[in-house]
Novice: 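Below is the structure I would like to discuss, written out as C-alpha cells.
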There are 2 protein chains.
Amino acid sequence: MEIDRVIRVDMTAKTITEETAPASWRLLGGRALTAQLLLDETDPRCHPLSREAKLFIVPGLLGGTAVTTSGRTSFGFKSPLTGGTKESNSGGQLGHRLARLGIKAIIIDGASDDGWYRLDIDQHGVRLSRADDLAGRSNYDLHRELVGEALASRAAATIGPAGEHRLAGASVAITDPEGRPTRHAARGGPGAVMGAKGLKAIIVDDTGAPRIVPSEHPDEYRQEVVKFSKMILEDPRTHNLSKTGTAGVIKFVNRDNIQSMPTRNHRHGTWSLADTISGQHIDELGQTRGGKMLPCMAGCIIKCAILFNDEAGNHVTTALEFETIALLGSNCEIGPADAVAQLDHMCDDIGLDTIELGNAVGVAMEAGVLPWGDWEGTKKLLEEVRSGTPLGRIIGNGAAHVAKTFGIDRVPVVKGQGLPAWEPRTLKGMGLTYATSPQGADHTAGMVTARGATAETLVKQSRHEQLVMMAIDSAGVCQFSNALPGDIAQFVGRRFGVDWDDEAVLAMARAGIKAEREFNRRAGFGKGDDRLPQWMLDEPLPLPDGPAVFDIDDSLIDAVWGDL
Amino acid sequence: MEIDRVIRVDMTAKTITEETAPASWRLLGGRALTAQLLLDETDPRCHPLSREAKLFIVPGLLGGTAVTTSGRTSFGFKSPLTGGTKESNSGGQLGHRLARLGIKAIIIDGASDDGWYRLDIDQHGVRLSRADDLAGRSNYDLHRELVGEALASRAAATIGPAGEHRLAGASVAITDPEGRPTRHAARGGPGAVMGAKGLKAIIVDDTGAPRIVPSEHPDEYRQEVVKFSKMILEDPRTHNLSKTGTAGVIKFVNRDNIQSMPTRNHRHGTWSLADTISGQHIDELGQTRGGKMLPCMAGCIIKCAILFNDEAGNHVTTALEFETIALLGSNCEIGPADAVAQLDHMCDDIGLDTIELGNAVGVAMEAGVLPWGDWEGTKKLLEEVRSGTPLGRIIGNGAAHVAKTFGIDRVPVVKGQGLPAWEPRTLKGMGLTYATSPQGADHTAGMVTARGATAETLVKQSRHEQLVMMAIDSAGVCQFSNALPGDIAQFVGRRFGVDWDDEAVLAMARAGIKAEREFNRRAGFGKGDDRLPQWMLDEPLPLPDGPAVFDIDDSLIDAVWGDL
C-alpha cells in the first residue's frame, strides 16, 4: 500500500481537508519530511505559538512495517524553545498506527479561539471535536481514558498541563505498549505548539488497517527483517540495553577519566552518589520489586525501557532513561533512584521534557530558589508547573528562561535548548554535535563519544553521525538498532521498490540537514549560534591527564557543515 | 584641561587602577567611545552578567563645558535584554561632574563575591568600599542619603532593587538637579549589569573641579555657546517642550491620522481617554498643584522635565515623559495622569525602564495576569518586582520575557527590546529605525516621523538620523537641542583645538555605528534580527486612508546600512 494521505487540520476554522501527498514526498518520511515541510510551509520569522506556525506529525519511511523499532514518529515545528527548526522524535505506539492508516503527514494549522479540541483518526475517517472534558487533565489520566484497554489498536498523543500553559519545555506524550504516557516527543516544546493550537489530544485507532508488506518479493523482505533483528540481538550493545537500559552507562560515564555525569548545573562531571541512580542499582531494585525491561513500541526487540516500581511493587514510571536520571538526578544532586523515578513520573504526567526540566531545576538551584538536592522542593516546583503559577511557568519554560529570570550567567544551553548529559569538555565530539546541530544541544543528533581523536577527526565524525541520525530519524527507526545507511537503503529500497544505496540515504540526509539549516538561517541564525556557552570554554573539568575545557576552534566547528 | 583619566575598577579583586587615555580616544566620547570600548574590551559572546562583561561609563565629548545640555552620560555594556551592543544614555547631574574631574571613562570589570560595594569619586581620589548598609534600598531613599543637600557638587548613579535582582529591565538612576533619582540610563538593562558586579552606587563629588573652557579663543567660544542657546530658545519646538514637556505630543499623536498612542499592547493607535494623560492636561493640573518644568541638568535651558505633584501639592514624580505615559498609560489603558505619575515614581524608585515595563505589563495584561487598565494591580506587580518574587522577576525582565513565560505570540520587541510609543505602521520611518538600530527598538536612535515620503526616502532619513543621533550621543548633548552636525563640529573643534566639519562628525558617527554593528555580528546577530515583529506586518491600524501595516520591504530595511 501507498502511504500518501495528508491530513490538514485548520484549528481556526475547525475544518479537516485531506489530499494525496505529491510524488516528490514518496521517499521522504520522518525528520527529512518535517524538515522540508517546515521550510516550505512555515514562515521562519513567525512566532512559534502563532496561528501561522504549523505542527507536522509524520511517521518514518519504514513506519507500519515489521522492521524492528520502525514505528517512531517525528513532530516538526518552529521551536518555541530555540526559535529555530525542530524535529522532536518519539517512540511509542503512534507511528506504526499512522502509517498503517496510510497517513503520510498530519498538518495542524491555525488556532482554536473557543477552547480545547481532540482529533480522532480511525478507519472511518478523521474527526475534530470539542474536548472541554479533557482540559486541565494530566497525561496518565488522559491515556487511561483515551486508550484504556484498547492496547492493541489505539494510541494517543496528548499534551498535559504544561502544553496547555504553552511552556517551551512542554512535550507531547505518546502511549506506550502498556497504555501509559511514557514516550514523549519532548525536546523543543512540541507540547506548547499543540497547546497554542487548542489541540489537547490526537487519538489514533488502526483497527482493520493492514500491516505493511512490500508487494514485490515479500518473502525475501521478511527474511531480511528477521536477519536484521538477529543481528541486533547478537550485538553486545543490545545486551546491555536490554538489561540496564540507557541507565547502564552511568557507572561508566561517572568515572574520573570520562566525567560525563553532569552535577550541580554541569559544574562537575562526577557525583559521589552516582551508584544510587545507576542502571545496575535500578536492576537490583527491580529484581525484588517486579521491575522489568519493556519495548517502547510493538515489535521492538531491544526493550531498553526500564519499568520502575516502588518498594510495594506499584508502578512509578516507565522509560527511566540515562538522560532523565542525569539531569533530574546528579545535575540537581538528587537521588536515590526512587526519588528520580518519581520526578520522571511527574514530568511524564505534566507533559515535560526531562532534559530541559533537569537543566531548569539545576539553574534554579544555582539561583538559590531551592537547595541542591532538594527533592521535595523539586516536586513542589513541578506541581507549580502543573498549576501554571508564575514560578511554575519560569521553570517550565526551560533552563535559559530560568537563568534569564534570576540573572544567572552559567546557562547550560545551545540555541536555547538545555544540554544533555554527555559532556562536551571531556567528549569533545559531543560538543561539536551540540554546537552545530540545527536542533540545538541534542545528543540524539549525532553521538560522537570517541576520545583521543584529533579535532579534525571529530569534525568528520560529528558530521557523519549527524547525517546518519538524520537518516535514522527519517526512516523512523531507533538509534539503538544501530542501523547503518546500508540497512536503511536496503529496507527503503525493498519497501518502495527503488534501488537505493548508502549514497542515496546520505543524499536524503544531507538534503534534510540543508533544509533545517536554511530554515534557521531565514529565522535569523548565524555562525554565532553554532557555539557552546562560553563557560564551557573557561571552566575546566579536572581529568587525570589535566584540566579539560571545550577547546575546539571556531573554524573547526564551522567546518562541520562547511561544504554542505 | 584634558579629560583623560581612565578609571578601571576590578570588582573581583576590589582594586582600582588609573591610566591615561590613549591619544586615539581624544576625539571620542559618549556613545562613540562606549561602542568602541565594548568592541575592543568585551567578548561579544560572553554572558552580559558574567565577570567578563564590562560596564563603561563615559561622559560626552562636550561634557563639563557650558554648551547647554552637554552633560549627558553614556553607559555602555553588552545588554542582558538584547544580547547585543548597548549604549544607555541619561541626563542628570553625573556627566558634567565626571568630565570636570577629568574622567574620560570609568570601566567596571569583574564581580564582587562578598556583597555590595560603593564607588566614591572626588578631588581626593577614587575609593571602593563596602556598602552593606545600602543593600536592598530603593533609589529615592538612596539619593537622599548619598546626595542629600549637596546639590551643587554631588551626583549619584545607583541601582534600585531591580538592579540588585539583575533584571533585564533594570536601570541606573542618576541624580537630577533637585537631588532626586529621576534621570535614568534605562534601556537594555544597565542596572542588571551593575548589579551583577555587586556595585550598588557610584557617588561623584566635583567640589573644587574647574568648569571646562578651551584655552584658545575662550571669548569667541563663550559667544558661540550663548548664540547656540539663543537659537534653541527661539525654536518653537523648545517652546512646546518647555511648556508641556514631551507629553505635549499626546494630543497630536492620538489623532486618527497618526495613531501613534500605543493602546492594549500596541493593538490600537488611539485611546479614548488619551486627553486625561496629555501634556496639556498635566499642565492644567500643575497650575493648581505647584507643577513646574525643570531642567534635567544644570545649564539646560530647555527644561522639558515635568514635575508632577499630587492634589495636596506633594511631589509625585519628575520627568514624566511621553514614552512613560504612553507605555505605562494608554498601552495598559491606565489613566488618568495621577495614576501614571505614581507608576513612574515607582519605576524610578525601584530602578526600572518605564518603556520596557509598560510593554511588559501590557503583555501581562494580554496574558490575563491582570485586567486591562488595572492600576492597583500594576502597582502590586511593581511591588513584586521590588521584592524579587517570581512574578516580579518575570515582569522586571521585560516584555519578551513576559511573553515567553505566558506563551504570548504578540511580542512588542525588536532585538528583544520593548517598542517605544512611536508607531511603525503609521510612521514607517520609525519602523526602519527600530529594525536597524544596533540598539534594538529605540526611538532616540533616530527619529523619522515624516509621513507621505517614499520608502526609499525614509531609508535615507533613518540612516542619516541614526548617524546624527550617534553624533549627538557622542557629544553628550540632548537631542532636544536639535544640534546639527555643524554645531557639534564647531563646539568639538573649539573645545579640542581641531578643525572639524560636518563630515568629520559624520565620520565619527559612522565609525560608531560600525563598531556597534560589528559587536552585534560577533555576538551572533544577522539580518533576521533587523526586523520588526511579524504581527506589525500583519495587523493593520485603521488609518482614514486605509489599513496601515509596516510594509517596507526587507531589502530596503537592509539598505539602511547597506554600504556602511
Side-chain angles (χ1 to χ4, degrees), chain A residues 43-53 80-81 83 111 163-168 170 189 192 195-196 367 369 384 388-398 400-401 403-411 520-535 537-538 554, chain B residues 43-53 80-81 83 111 163-168 170 189 192 195-196 367 369 384 388-398 400-401 403-411 520-535 537-538 554:
Chain A
D43 181 348
R45 279 164 52 192
C46 77
H47 193 287
L49 304 180
S50 67
R51 272 168 209 287
E52 291 70 36
L81 191 74
E164 291 192 34
H165 301 324
R166 303 185 296 282
L167 303 176
V369 176
E384 295 219 28
T389 66
L391 181 56
R393 286 177 173 277
I394 293 166
I395 302 293
N397 268 306
H401 196 73
K404 180 82 180 275
T405 306
F406 293 100
I408 297 299
D409 66 346
R410 290 183 76 261
V411 197
N520 280 357
R521 191 192 66 76
R522 294 184 195 170
F525 284 58
K527 283 184 181 176
D529 297 294
D530 284 357
R531 298 290 181 262
L532 295 185
Q534 185 64 33
W535 57 267
L537 285 61
D538 299 332
D554 285 355
Chain B
D43 181 347
R45 280 164 51 193
C46 78
H47 193 288
L49 304 180
S50 67
R51 274 167 209 284
E52 291 70 36
L81 192 72
E164 290 191 34
H165 301 324
R166 303 185 297 281
L167 302 176
V369 175
E384 295 218 29
T389 67
L391 181 56
R393 286 176 173 275
I394 292 167
I395 302 293
N397 268 307
H401 195 73
K404 179 82 180 275
T405 306
F406 292 100
I408 297 298
D409 65 347
R410 289 183 76 262
V411 196
N520 280 357
R521 191 191 66 75
R522 294 183 194 172
F525 285 59
K527 283 183 181 177
D529 297 294
D530 283 359
R531 298 292 180 261
L532 295 185
Q534 185 63 33
W535 57 267
L537 285 60
D538 299 332
D554 286 354

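A note on names: the letters A, B, ... follow the listed sequences, proteins ahead of strands, and every chain is numbered from 1. When reading the values below, keep in mind they use all heavy atoms of this one structure, side chains included, and skip hydrogens, waters and symmetry mates.
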Novice: Does a salt bridge link Asp538(A) with Arg51(B), judged by any charged N lying under 4.0 Å from a carboxylate O?
Specialist: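 Answer for the salt bridge query: no.
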Novice: Considering only heavy atoms, which portion of Val369(B) lies under 4.5 Å from any heavy atom of chain A: side chain, backbone, both, or neither?
Specialist: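 Interface part for Val369(B): neither.
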Novice: Of the options Thr389(B), Ile395(B), Ile394(B), which is the one that meets Pro390(A) in a side-chain contact (heavy atoms from CB on, under 4.5 Å)?
Specialist: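 Passing option: Ile394(B).
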Novice: For the interface with chain A, which of Gly528(B), Ser50(B), Gly526(B) has the highest count of heavy-atom pairs at distances below 4.5 Å?
Specialist: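 It is Ser50(B).
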Novice: Counting only heavy atoms closer than 4.5 Å, note whether Ala168(B) contacts chain A via side chain, backbone, both or neither.
Specialist: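 The side chain, not the backbone.
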Novice: Among Asp530(B), Asp554(B), Asp529(B), which one satisfies salt bridge (Lys or Arg N to Asp or Glu O under 4.0 Å) with Arg45(A)?
Specialist: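 It is Asp554(B); the other options fail the test.
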Novice: So Arg166(A) and Ile408(B), do their side chains get closer than 4.5 Å, heavy atoms only?
Specialist: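 Yes, side chains in contact.
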Novice: Out of Leu391(A), Thr405(A), Leu49(A), return the one with the most heavy atom pairs under 4.5 angstrom to chain B.
Specialist: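 The candidate making the most pairs under 4.5 Å is Thr405(A).
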Novice: Quick check on Phe525(B) against chain A: is it the side chain, the backbone, both or neither that has a heavy atom closer than 4.5 Å?
Specialist: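 Nothing of Phe525(B), per the 4.5 Å heavy-atom cut-off to chain A.
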Novice: What's the spacing between Gln534(A) CD and Asp43(B) CG if we round to 0.5 Å?
Specialist: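 It comes to 4.5 Å.
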Novice: In terms of heavy-atom pairs under 4.5 Å with chain A, which of Pro533(B), Ala523(B), Ala53(B), Gly407(B) leads?
Specialist: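 Winner by heavy-atom pair count: Gly407(B).
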Novice: Please flag which part of Leu532(A) lies under 4.5 Å from any non-hydrogen atom of chain B: side chain, backbone, both or neither.
Specialist: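 The backbone, not the side chain.
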Novice: Which pair of non-hydrogen atoms, one from Pro80(B) and one from Lys404(A), has the smallest distance, and what is that distance?
Specialist: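 Taking Pro80(B) first and Lys404(A) second, the nearest heavy atoms are O-CE, 3.1 Å.
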